[in-house]
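No experiment lies behind these values; they were computed from the predicted model shown. Heavy atoms only: backbone and side chains are in, while hydrogens, waters and symmetry mates are out.
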Amino acid sequence: TQLLEQSPQFLSIQEGENLTVYCNSSSVFSSLQWYRQEPGEGPVLLVTVVTGGEVKKLKRLTFQFGDARKDSSLHITAAQPGDTGLYLCAGNYDKVIFGPGTSLSVIP
Amino acid sequence: DSGVTQTPKHLITATGQRVTLRCSPRSGDLSVYWYQQSLDQGLQFLIQYYNGEERAKGNILERFSAQQFPDLHSELNLSSLELGDSALYFCASSVDGGPGYGYTFGSGTRLTVV
């Protein structure tokens with residue numbers, strides 16, 4: 001069974017702090033996506049990473065794909081209240097598997 | 001607005017009843033996916049359709065069924081509802097049927113079974 005683990009499960013930080021959340025699996029992904037989901041809404045795609053070691057930046061968000069394509073991280077610099085939400089990673093094998101998510105709360 | 005339209009947004013029904021959830025994919029997308037999200041199970045894949053044909057099945061119960069119509073909209077039918085079926089149901093779409101580059105999700109239908 002292919003499983004994705006995400007850590008931490010919950011994170012509460014002050015506005016302006018930096019943070020990193022992680023996505024791990026024992027299996028190799030062909031590609032991986034990160035989504036953000038706000039309460040009562042559907043997940044919104046943030047990024048897709050494909051190549052091992054790849055780094056992508058989206059404003060204050062930096063996404064990294066592990067060299068072995070088994071793990072990924074999302075780093076947020078100077079977090080803002082608008083970053084609050086559930087961050088989901090989704091690993092692609094022959095199908096898409098979603099992780100359980102990291103619930104981020106940024107306090108003003 | 002993501003371009004994926006789901007109706008209704010909220011649904012309250014009694015145990016044993018049957019409901020139909022509707023999804024219109026983003027314009028140009030051929031593939032539709034249905035997901036169930038609950039607090040204890042996370043986002044669980046139910047079923048995928050591509051251009052009218054069933055492409056993949058996930059953890060979909062026998063009481064649940066789906067179809068994709070010629071105009072590419074899709075319906076998810078849930079029957080003999082149980083309290084445990086209460087959840088958010090999401091539809092997502094993509095251009096092709098592959099998992100490679102991510103999905104566009106609708107805003108979901110919140111189903112409450114009482």
Side-chain angles (χ1 to χ4, degrees), chain A residues 1-10 21-25 27-52 54 56 58 61 63 65 69 72 74 85-104, chain B residues 1-11 21 23-26 29 31-50 54-60 87-112:
Chain A
T1 302
Q2 297 144 338
L3 291 174
L4 280 180
E5 297 178 343
Q6 290 190 245
S7 60
Q9 186 178 359
F10 299 99
V21 297
Y22 301 92
C23 174
N24 297 283
S25 174
S27 301
V28 176
F29 309 123
S30 59
S31 63
L32 181 141
Q33 285 88 39
W34 284 93
Y35 293 82
R36 181 171 67 218
Q37 183 179 18
E38 298 185 18
E41 297 296 326
V44 175
L45 180 65
L46 297 175
V47 77
T48 296
V49 286
V50 179
T51 306
E54 182 176 4
K56 282 193 173 179
L58 184 67
L61 277 61
F63 304 86
F65 202 14
R69 291 187 290 137
S72 181
L74 159 58
L86 180 68
Y87 288 81
L88 296 160
C89 66
N92 302 319
Y93 308 93
D94 57 347
K95 57 184 177 181
V96 175
I97 305 293
F98 279 84
T102 292
S103 180
L104 172 65
Chain B
D1 181 7
S2 68
V4 178
T5 303
Q6 287 190 251
T7 57
K9 192 159 180 65
H10 301 277
L11 199 50
L21 313 184
C23 169
S24 294
R26 193 179 56 166
D29 286 356
S31 204
V32 168
Y33 310 80
W34 286 98
Y35 282 85
Q36 179 191 60
Q37 188 177 41
S38 58
L39 283 176
D40 58 343
Q41 292 290 321
L43 204 57
Q44 298 290 314
F45 169 65
L46 296 177
I47 197 164
Q48 176 199 356
Y49 280 83
Y50 176 76
E54 182 183 304
R55 173 69 68 92
K57 259 187 176 179
N59 302 321
I60 189 166
L88 273 166
Y89 291 83
F90 288 104
C91 169
S93 71
S94 68
V95 171
D96 60 21
Y101 288 91
Y103 304 149
T104 302
F105 280 83
S107 57
T109 293
R110 180 175 293 279
L111 174 66
T112 303

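The aromatic rings of B/Phe105 and A/Phe98 sit perpendicular to each other, their planes meeting at more than 60°, with 30° as the lower class boundary.
If you measure heavy-atom distances from B/Gln6 to chain A, you find no contacts under 4.5 Å at all. With a 4.5 Å cut-off on non-hydrogen atoms, A/Tyr35 touches chain B through its side chain but not through its backbone. Neither the backbone nor the side chain of A/Pro100 comes within contact range of chain B; no heavy atom of the residue lies under 4.5 Å from a heavy atom of that chain.
A side-chain donor-acceptor contact under 3.5 Å links B/Ser94 and B/Tyr33.
A/Arg69 has its side chain out of reach of A/Leu32: every pair of non-hydrogen atoms, C-beta onward, lies at least 4.5 Å apart.
Exactly one of B/Trp34, B/Tyr49, B/Phe90, B/Tyr89 qualifies for a side-chain contact (heavy atoms from CB on, under 4.5 Å) with B/Cys23. That residue is B/Trp34.
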